Amino acid sequence: MLLHVREVLTPEEVRQARSILADAPWGDGRITAGSQSAQAKRNEQLPEDCDATRAVQQLLLRGLERHQTFFSAALPKQVSPPLFNRYGGESNRFGNHVDSAVRYLRGGAGRVRTDVSCTLFLSDPDEYDGGELMVEDTFGEHRVKLPAGDLVLYPGTSVHRVEPVTRGWRVASYFWIQSMVRSDEQRRLLFDMDNHLRRLRAAARLGEGDPSVIGLTSTYHNLLRMWLDV
């Protein structure tokens, strides 16, 4: 499932993040790449342990925690600490690659199975040319370029790339989720059911005691029980 999640960060939070990142110690993004990705990766990245990284991580994690659509779609069991990159100048692209199946956290803090890949945009589309995230699936290629503060979720199994940035700078956060529901198909079904339930309640003004709402909610949670790994 490829999903545009809107307004994970407020405009004020985007401004705070950009202010912090403006003076951050950007370095060569290939330092953290695996052997396959390093051949395709040409961008800049923040060190994982710097003050700027930690400060913006907290902003982003708070945004994720309060966002109902994000939780419903990803059903997160564990979120890897968000990282930050930028594209521009000579460091302006990332060719086709697939994310590693497991993300090992710093300092022996554990590992995250990368069921879901995430990119949160911190630059608005009119600030740079190019820089689209291209995600491949069975329906072809999908071109993603979102407003600052918005997020895209897509399966960690997807081949993807960042097109060359030919003007300006593209700044973003990226991270991975180990979901409580491992299967992308099952997560999609649960997300669709959750959305339809919320629309049913709103459109028909049905209370929690309505038999249809109770029945469908019961089905949703019984499917969760069948598929969850907690």
Side-chain angles (χ1 to χ4, degrees), residues 1-10 13 60-82 98-103 110-121 132-160 172-230:
M1 176 171 60
L2 188 150
L3 181 68
H4 176 185
V5 182
R6 301 176 189 277
E7 298 177 350
V8 173
L9 296 182
T10 67
E13 287 170 330
L60 201 157
L61 290 171
R62 286 197 297 269
L64 295 177
E65 287 173 2
R66 66 174 180 252
H67 207 290
Q68 182 180 22
T69 300
F70 168 78
F71 184 86
S72 177
L75 295 171
K77 179 176 182 179
Q78 188 172 3
V79 179
S80 70
V98 176
D99 294 333
S100 299
V102 178
R103 172 75 182 172
R111 53 189 179 267
V112 175
R113 188 183 64 235
T114 57
D115 299 325
V116 182
S117 297
C118 305
T119 298
L120 185 140
F121 290 77
E132 295 88 351
L133 173 65
M134 305 294 295
V135 182
E136 297 181 9
D137 64 15
T138 54
F139 296 99
E141 287 191 336
H142 303 274
R143 184 180 299 267
V144 183
K145 190 172 183 178
L146 303 181
D150 287 12
L151 171 76
V152 62
L153 300 174
Y154 55 98
T157 54
S158 304
V159 174
H160 57 284
S173 175
Y174 62 101
F175 55 97
W176 296 271
I177 297 163
Q178 180 169 328
S179 179
M180 292 185 289
V181 175
R182 186 170 185 166
S183 163
D184 181 60
E185 291 82 1
Q186 291 168 352
R187 286 196 307 274
R188 180 192 294 271
L189 287 171
L190 289 165
F191 178 64
D192 287 346
M193 181 176 286
D194 191 32
N195 277 335
H196 289 313
L197 268 168
R198 287 189 279 114
R199 292 190 189 108
L200 177 64
R201 292 189 190 104
R205 298 180 180 175
L206 298 175
E208 293 296 334
D210 182 89
S212 297
V213 172
I214 293 172
L216 289 172
T217 301
S218 173
T219 301
Y220 174 83
H221 284 282
N222 286 334
L223 287 173
L224 274 178
R225 264 184 282 272
M226 185 185 303
W227 293 335
L228 278 182
D229 174 18
V230 296

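Please read these numbers as outputs of a predicted model, since none were measured by experiment. Side chains are part of it too, since the values below use all heavy atoms of this structure and drop only hydrogens, waters and symmetry mates.
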Novice: Could you report the tightest heavy-atom contact between Val5 and His67, atom names first, then the distance?
Specialist: CG1-CE1, 3.3 Å
Novice: Would you say that Glu185 contacts Leu189 through its side chain, given a criterion of any heavy-atom pair below 4.5 Å between the two side chains?
Specialist: no
Novice: Is the backbone N or O of Pro76 less than 3.5 Å from a side-chain atom of Ser179, with the two atoms forming a donor-acceptor pair by type?
Specialist: no
Novice: Is His160 close to Val144 at the side-chain level, that is, under 4.5 Å between some pair of heavy atoms?
Specialist: no
Novice: For the atom pair CG (Leu3) and CZ (Phe70), what is the distance rounded to the nearest 0.5 Å?
Specialist: 10.5 Å
Novice: Would you name the heavy atoms of Met180 and Val230 that are closest together and state the gap between them?
Specialist: SD-CG1, 3.7 Å
Novice: Does the side chain of Trp176 come within less than 4.5 Å of Ser100's, by heavy atoms?
Specialist: no
Novice: Say whether, by atom type as modelled, one donor and one acceptor occur between the side chain of Ser72 and the main chain of Gln68 under 3.5 angstrom.
Specialist: no
Novice: Other residues, nucleotides and ligands only: do more than 12 of their heavy atoms fall within 6.0 Å of CZ on Arg113?
Specialist: yes
Novice: Less than 4.5 Å apart, any side-chain heavy atom of Leu60 and any of Leu120?
Specialist: yes
Novice: Provide the closest heavy-atom pair for Val98 versus Thr157 in the form atom of the first, atom of the second, distance.
Specialist: CG1-O, 4.1 Å
Novice: Would you say that Phe175 contacts Leu151 through its side chain, given a criterion of any heavy-atom pair below 4.5 Å between the two side chains?
Specialist: yes
Novice: Would you check if Leu228 and Val181 make a side-chain contact, meaning some heavy-atom pair closer than 4.5 Å?
Specialist: yes
Novice: Using only atom types and a distance under 3.5 Å, with no angle test, would you say the side chain of Thr119 pairs donor to acceptor with the backbone of Val152?
Specialist: no
Novice: Say you draw a straight line from CD of Gln78 to CD1 of Ile177; how long is it, rounded to the nearest 0.5 Å?
Specialist: 11.0 Å
Novice: Please report the closest heavy-atom contact between Tyr220 and Leu190, naming both atoms and the distance.
Specialist: CE1-O, 3.3 Å
Novice: Side-chain contact test, heavy atoms from C-beta onward, threshold under 4.5 Å: evaluate it for His196 versus Leu216 and give yes or no.
Specialist: no
Novice: Enter the distance from Gln178:CD to Thr114:OG1 here, rounded to the nearest 0.5 Å.
Specialist: 9.0 Å
Novice: Going by side-chain contact (heavy atoms from CB on, under 4.5 Å), Val135 matches just one of Ser158, Ser117, Pro155. Which one?
Specialist: Ser158
Novice: Does Glu7, at its CD atom, have more than 12 non-hydrogen atoms belonging to other residues, nucleotides or ligands within less than 6.0 Å?
Specialist: no
Novice: Once you round to the nearest 0.5 Å, how far does CG of Leu133 lie from OH of Tyr174?
Specialist: 13.5 Å
Novice: Shortest non-hydrogen contact from Arg187 to Ala74?
Specialist: CD-O, 3.8 Å
Novice: Taking C-beta and beyond as the side chain, do Arg198 and Asn195 meet within less than 4.5 Å on heavy atoms?
Specialist: yes
Novice: Locate the shortest heavy-atom distance separating His4 from Asp150; write the atom from each residue and the value.
Specialist: NE2-OD2, 2.7 Å
